[in-house]
Number of protein chains: 2
Amino acid sequence: MSKDLKEMEVLRQHLAKHQLKLTRQRELILTAFLRQEHVTAEVMYHQLAKKDPHLGLATIYRTLNLFCEAGMAQARHFGSQTQYDNISHKGHHDHLICTGCGTIVEFENCEIERLQEEVATKNGFVIQTHRLELYGLCSRCRH
Amino acid sequence: MSKDLKEMEVLRQHLAKHQLKLTRQRELILTAFLRQEHVTAEVMYHQLAKKDPHLGLATIYRTLNLFCEAGMAQARHFGSQTQYDNISHKGHHDHLICTGCGTIVEFENCEIERLQEEVATKNGFVIQTHRLELYGLCSRCRH
DNA sequence: TATCATCTTGAGACGGTTTATCAATTTCAA
DNA sequence: TTGAAATTGATAAACCGTCTCAAGATGATA
């Protein structure tokens with residue numbers, strides 16, 4: 001829970017800095033968002049319908065985009081939908097995605113990260129964020 | 001031009017193998033496609049409207065997807081649109097994207113590719129393709 | 001080269017996802 | 001507590017990419 005509180009503070013500061021307001025909906029969505037790795041707006045909409053049947057889909061989209069602006073989430077276009085990943089309290093993780101069954105395995109590799117920095121520096125860039133996705137077949141789908 | 005011919009041959013073979021036909025439109029789209037790095041269907045639609053005002057947008061989508069199936073292109077969801085990258089005669093390249101001005105710099109790093117394979121193997125995956133994007137500020141935008 | 005089964009095309013309809021609109025409501029600084 | 005400003009929910013609208021289908025093109029075969 002301390003993690004949730006920490007994130008709530010990040011949100012609070014972002015809101016303050018931009019003259020935005022902390023609403024019941026934003027708190028609710030953040031709490032639910034922190035409990036999972038990858039969500040779509042649609043999925044959250046159904047999840048949260050139980051807690052607040054009047055929460056609108058547009059509000060979820062708006063709020064998830066807000067989280068992205070606050071640096072707490074990252075949008076990823078996958079298939080026809082946009083997935084929102086929690087990049088706040090854990091280091092950025094990358095994805096191994098099975099093109100057969102859609103399974104997503106997360107991984108982290110410091111060595112790759114180091115090489116990325118190297119490439120960026122060589123090209124005069126300063127990295128803000130990155131995205132690495134490996135697409136392939138998992139062992140089950142290969143048979 | 002020899003490159004174009006080589007690619008045309010790749011297409012021809014793919015078509016033959018799948019009982020598909022080589023049409024004027026497919027040739028036209030391939031030629032234009034090979035001249036650039038990243039395109040969206042929409043962009044090609046406008047480019048080609050000059051050469052063939054009756055070329056339909058659906059045909060461009062279909063053809064670009066065909067190129068993907070033939071292993072000559074790779075689709076990438078970028079922002080709200082799909083970009084098609086030419087991966088045929090050059091090795092797979094990754095992207096360094098400036099969040100300030102939108103500049104895209106391409107790079108290739110064998111060491112990173114090797115580590116990717118390593119990660120995949122460790123998780124029982126066989127990689128088909130991958131995507132690595134580094135987002136940051138280029139030297140000009142930092143000032 | 002003529003035939004014709006099959007594939008492809010263009011135009012627009014369509015479906016799913018995300019954003020825009022706007023009146024009503026909520027937030028929060030004073 | 002008040003009121004300016006931001007936010008919300010409901011829904012309309014925009015957007016992208018695919019599907020449909022009649023008309024046309026292709027190319028294997030004779």
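These numbers were taken from a predicted model, which means no experiment stands behind them. Proteins get letters first, then strands, A, B, ... in listed order; numbering begins at 1 in each. No hydrogens, no waters, no symmetry mates; every other heavy atom, side chains included, goes into these values.
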Ring centers of A:Phe33, A:Phe67 separated by less than 6.0 Å: yes
hydrophobic_cluster_shared for B:Leu55 and B:Leu57, side chain cutoff 4.5 Å: yes
Side-chain N or O of A:Asn65 closer than 4.0 Å to phosphate OP1/OP2 of C:dT18: no
Expected output: side-chain A:Arg131 to main-chain B:Arg131 donor-acceptor under 3.5 Å: no
Strand contacts (DNA chain D) in residues 45-63 of chain B, 4.0 angstrom heavy-atom criterion: B:Ala58, B:Tyr61, B:Arg62
Distance in angstrom units between B:His18 NE2 and D:dA28 P, rounded: 16 Å
Sugar-phosphate, base or nothing in reach of B:Gln19, heavy atoms under 4.0 Å: sugar-phosphate
Distance-only donor-acceptor test (3.5 Å): side chain A:Lys21, base D:dA5: yes
Sugar-phosphate, base or nothing in reach of B:Gln81, heavy atoms under 4.0 Å: sugar-phosphate
Nucleotide nearest A:Arg24 (side chain, heavy atoms from C-beta), chosen from C:dT9, C:dC28, C:dT27: C:dT27
B:Arg142 versus B:Ser139, side-chain donor and acceptor atoms under 3.5 Å: no
Between P of C:dT18 and CD of A:Gln83, the distance in whole Å: 10 Å
Gap between atoms CZ and C1', on A:Arg12 and C:dT27 respectively (whole Å): 13 Å
Angle by which the axis turns from one end of the helix from C:dT1-D:dA30 to C:dA30-D:dT1 to the other, five pairs per end, to 10 degrees: 40°
Rounded interatomic separation in angstrom, taking CG from B:Leu28 and C1' from C:dG10: 15 Å
Pairing of B:Glu9 and B:Lys6 as salt bridge, 4.0 angstrom limit: no
Separation of atom CG in A:Leu30 from atom C1' in D:dT7, rounded to whole Å: 17 Å
Ion pair B:Arg114/B:Glu111, N-O distance below 4.0 Å: yes
Touch class at under 4.0 angstrom, heavy-atom based, for A:Thr40 against every strand present: nothing
Nearest-angstrom distance from the residue atom CG of A:Leu22 to C1' of C:dT26: 12 Å
A:Leu115 reachable from B:Leu132 in the ILVMFWY side-chain graph, under 4.5 Å edges: yes
A:Met44 CE to D:dG9 P, straight-line distance once rounded to whole Å: 13 Å
Between C1' of D:dT18 and CG of B:Leu64, the distance in whole Å: 14 Å
Backbone of A:Glu113 reached by a side-chain donor or acceptor of A:Glu117 within 3.5 Å: no
From B:Thr63, B:Asn65, B:Thr40, residue fulfilling side chain to side chain donor-acceptor pair (under 3.5 Å) relative to B:Tyr84: B:Asn65
Side-chain donor-acceptor pair present, A:His38, A:Glu106, cut-off under 3.5 Å: yes
Contact under 4.0 Å: B:Thr82 side-chain N or O vs D:dC16 OP1/OP2: no
N/O (side chain, A:Gln25) to phosphate O (OP1/OP2, C:dT26) under 4.0 Å: no
Short side-chain N/O contact from B:Arg26 to OP1 or OP2 of C:dT8, under 4.0 Å: yes
